[in-house]
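Within every chain, numbering begins at 1; the chains are lettered A, B, ... in the order of the sequence lines, protein sequences first and strands thereafter. Side chains included, hydrogens not; waters and symmetry mates left out as well; all remaining heavy atoms used.
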Protein chains: 2
Amino acid sequence: MTTSICFPPIRFTTEWHFGRNLLNGGILKELCKKFGGRPLLIADAALKDTWGNKLAAELECKVFYIHGGEQAKSAKTKERVENFLFKEKCGRDTILIALGGGTITDSVGYIASTFLRGVQLILVPTTLLAIVDASIGGKNGINTKYGKNLIGTLYPPQAVVADLDTLNTLPEHEIRYGMAEIIKIGLAVNPSILKYLNDPKNFDLLVKCAAEEKISIVEKDPHTHGKRNLLNFGHTVAHALERVSKYSLAHGTAVAIGCMTESHLSMQLGYLIRESFEQILSLENHLGRLMLPTPYSRSAVLKAMLTDKKSNGCDSYFVCIDGIGHPVEFDGRFCRAVSVKEVTSSLVWMEKMYG
Amino acid sequence: MTTSICFPPIRFTTEWHFGRNLLNGGILKELCKKFGGRPLLIADAALKDTWGNKLAAELECKVFYIHGGEQAKSAKTKERVENFLFKEKCGRDTILIALGGGTITDSVGYIASTFLRGVQLILVPTTLLAIVDASIGGKNGINTKYGKNLIGTLYPPQAVVADLDTLNTLPEHEIRYGMAEIIKIGLAVNPSILKYLNDPKNFDLLVKCAAEEKISIVEKDPHTHGKRNLLNFGHTVAHALERVSKYSLAHGTAVAIGCMTESHLSMQLGYLIRESFEQILSLENHLGRLMLPTPYSRSAVLKAMLTDKKSNGCDSYFVCIDGIGHPVEFDGRFCRAVSVKEVTSSLVWMEKMYG
């Protein structure tokens with residue numbers, strides 16, 4: 001006897017709040033009231049004095065500090081946070097609020113999705129990278145020794161509060177890390193945002209447009225069957241570099257090098273003309289000094305690419321572009337398998353440029 | 001600026017196959033072909049010689065054996081299985097097949113839901129308890145020192161293959177554990193299935209009807225906002241007992257004691273008449289000898305109830321019945337808060353009966 005169990009469709013909606021003076025304006029308290037539930041703040045320890053303690057006091061809730069960086073994305077940190085939540089007798093009415101960069105929002109997102117099989121979640125990204133990338137789209141995850149983001153879920157938060165005021169105290173290099181993801185969106189999705197790059201007055205507009213591009217893609221393809229793959233531009237190389245560096249290389253730097261190297265690959269594969277590639281290279285001045293991790297090993301990078309989530313274990317998969325902001329479509333998909341030999345020539349270029 | 005990101009609704013469908021001679025008839029190979037992907041078997045080590053090696057050979061796939069029982073539902077086992085999958089270079093095309101009792105299907109279900117953010121999953125329950133309960137409804141999870149199933153997801157499998165032939169070698173006490181869940185469904189959902197209890201010829205029909213009752217409830221209320229709560233009848237007490245016993249008490253025994261104790265509570269609270277309660281008690285002869293775990297501590301049981309997933313930390317929540325198969329509805333919900341004092345008198349009864 002065979003029958004089908006149909007689970008009714010689930011609709012996820014994320015409120016996205018963008019601007020300045022949001023946190024100081026009491027937005028979190030309003031949101032918790034609206035969603036209903038008991039807030040609990042999980043924040044980057046580095047934000048204790050600037051935002052963490054203040055917001056916890058305003059929300060009259062407990063706060064648990066964890067250290068940002070890739071160490072936040074580990075099974076061990078997950079268990080530490082969970083134990084704190086259990087000790088605080090958190091129930092299903094808990095609203096977890098993640099305050100920090102992408103490593104914090106990724107980790108807390110995963111924790112929220114599995115705690116008591118899922119509790120409410122608000123993300124408060126406080127780095128440019130997290131605002132334009134990590135906090136949008138519901139993907140979360142932790143790293144294993146086999147690679148980045150290999151364990152996780154797709155769990156859209158109830159709300160994202162992207163307050164650009166949190167960037168005021170952000171170190172300059174952190175701004176450049178975010179710029180790498182913004183430039184990635186310009187290169188693989190929509191070139192028009194790149195025009196805002198040159199005038200600092202347009203900073204808020206640049207960030208907003210980049211984030212909205214990602215939102216628009218994610219809405220149409222939440223499960224990465226199609227266009228959402230474009231957001232992986234630069235990331236096959238980036239994830240491999242991060243892994244080879246044992247995550248000492250910043251994600252933003254890895255993405256910046258990845259975008260340049262995968263643009264080179266698009267040229268090598270015959271999609272991108274040299275002139276466009278050189279235009280892309282000129283964007284590097286927004287990205288700071290790019291340096292490969294040391295020690296560096298090409299074979300280790302190639303091996304790491306083959307255990308990427310997108311790999312089948314034989315080929316690596318890459319998003320390719322045939323112009324700035326023009327991805328190549330392959331039978332409705334936006335990435336293609338590339339052989340080790342073809343990748344190698346672009347890695348050689350990368351080593352010469354950034355080694 | 002505020003906007004809403006809408007994730008399109010997700011529809012989950014689980015194929016449910018029920019009967020005999022399914023596994024020997026090659027059903028898994030057919031399903032893997034239909035779903036598309038590379039199977040990998042995670043099986044209870046106790047099934048190695050009966051089913052595990054045979055099915056792996058038929059599917060031409062790797063098999064990883066784990067020990068059944070609550071130890072399978074731990075963060076440590078999850079990591080061991082994940083490491084095996086990474087070593088085997090499992091990609092997103094993996095179909096994880098869980099072969100075993102409820103602890104195996106719960107654990108592998110959770111693993112499948114977070115591996116590379118979700119891979120395909122087929123459950124092959126091989127105990128009566130797993131066939132009528134654990135494998136239906138998409139809930140999975142692992143235990144922590146704070147309680148059972150506290151970490152997990154809702155992740156319906158692509159298919160469930162419930163082959164009653166796997167029960168042929170099941171020890172008698174395992175059959176009784178499953179009977180506890182079947183009787184629970186009779187008591188809290190539909191009394192008509194209880195009529196099949198007395199004739200062994202009706203065994204397959206009894207199992208099928210009990211499973212179908214659960215399927216029907218889960219379809220209407222996958223997120224446990226309403227009627228799915230009924231399936232927790234007996235489970236507030238059961239989970240607390242299991243925890244106090246450090247999971248040495250079998251779930252089936254705990255549920256059996258829980259059903260009797262919570263029936264007593266329904267009587268204490270004035271919902272159930274004594275005559276019905278005594279009828280319920282007479283069902284005990286299908287459940288074998290019921291014994292509380294030793295050492296037993298009432299205060300520990302009460303404390304454990306307050307950290308149940310359903311608790312808010314102050315009261316315990318119970319499903320109540322006002323007749324056999326007649327749950328009490330409280331403003332559209334099917335459970336109510338009960339004070340420590342009220343619970344205590346039923347615990348005293350339980351101690352006298354099963355201590």
Side chain from CB out, backbone as N, CA, C, O: work out which of these in B:Ser113 comes under 4.5 Å of a heavy atom of chain A, or both, or neither. backbone

Chain B contacts, top residue of A:Asn140, A:Ile136, A:Ile151, A:Ile142 (heavy-atom pairs, under 4.5 Å): A:Ile151

Under a 4.5 Å heavy-atom cutoff, which of A:Ala159, A:Gly118, A:Pro156, A:Gly141 has the most pairs with chain B?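 Sorted descending by pairs with chain B, the first entry is A:Pro156.
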
Going from NE2 on A:His17 to OG on B:Ser4, what distance comes out if it is rounded to the nearest 0.5 angstrom?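 If I round to the nearest 0.5 Å, the distance is 7.5 Å.
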
Could you check whether atom NZ of A:Lys139 has more than 12 heavy atoms from other residues, nucleotides or ligands sitting under 6.0 Å from it?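 Atom NZ in A:Lys139 is crowded, with more than 12 foreign heavy atoms closer than 6.0 Å.
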
[X] versus chain B, the contacting section by heavy-atom distance below 4.5 Å:
{"X": "A:Tyr155", "answer": "neither"}
{"X": "A:Phe115", "answer": "both"}
{"X": "A:Thr3", "answer": "both"}

Contact list (residues 78-88 of chain B to chain A, heavy-atom gap under 4.5 Å, by number) returns B:Lys78, B:Glu79, B:Glu82, B:Asn83, B:Phe86, B:Lys87

Taking every non-hydrogen pair under 4.5 Å, which of B:Gly152, B:Gly138, B:Ala162, B:Cys90 racks up the most with chain A? B:Gly152

Determine the option with the most heavy-atom pairs under 4.5 angstrom with chain A, choosing from B:Ile215, B:Thr153, B:Val160. B:Thr153

What pair of heavy atoms forms the shortest contact from A:Asn149 to B:Arg117, and how long is it?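 Closest heavy-atom pair between A:Asn149 and B:Arg117: CB-NH2, 3.7 Å.
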
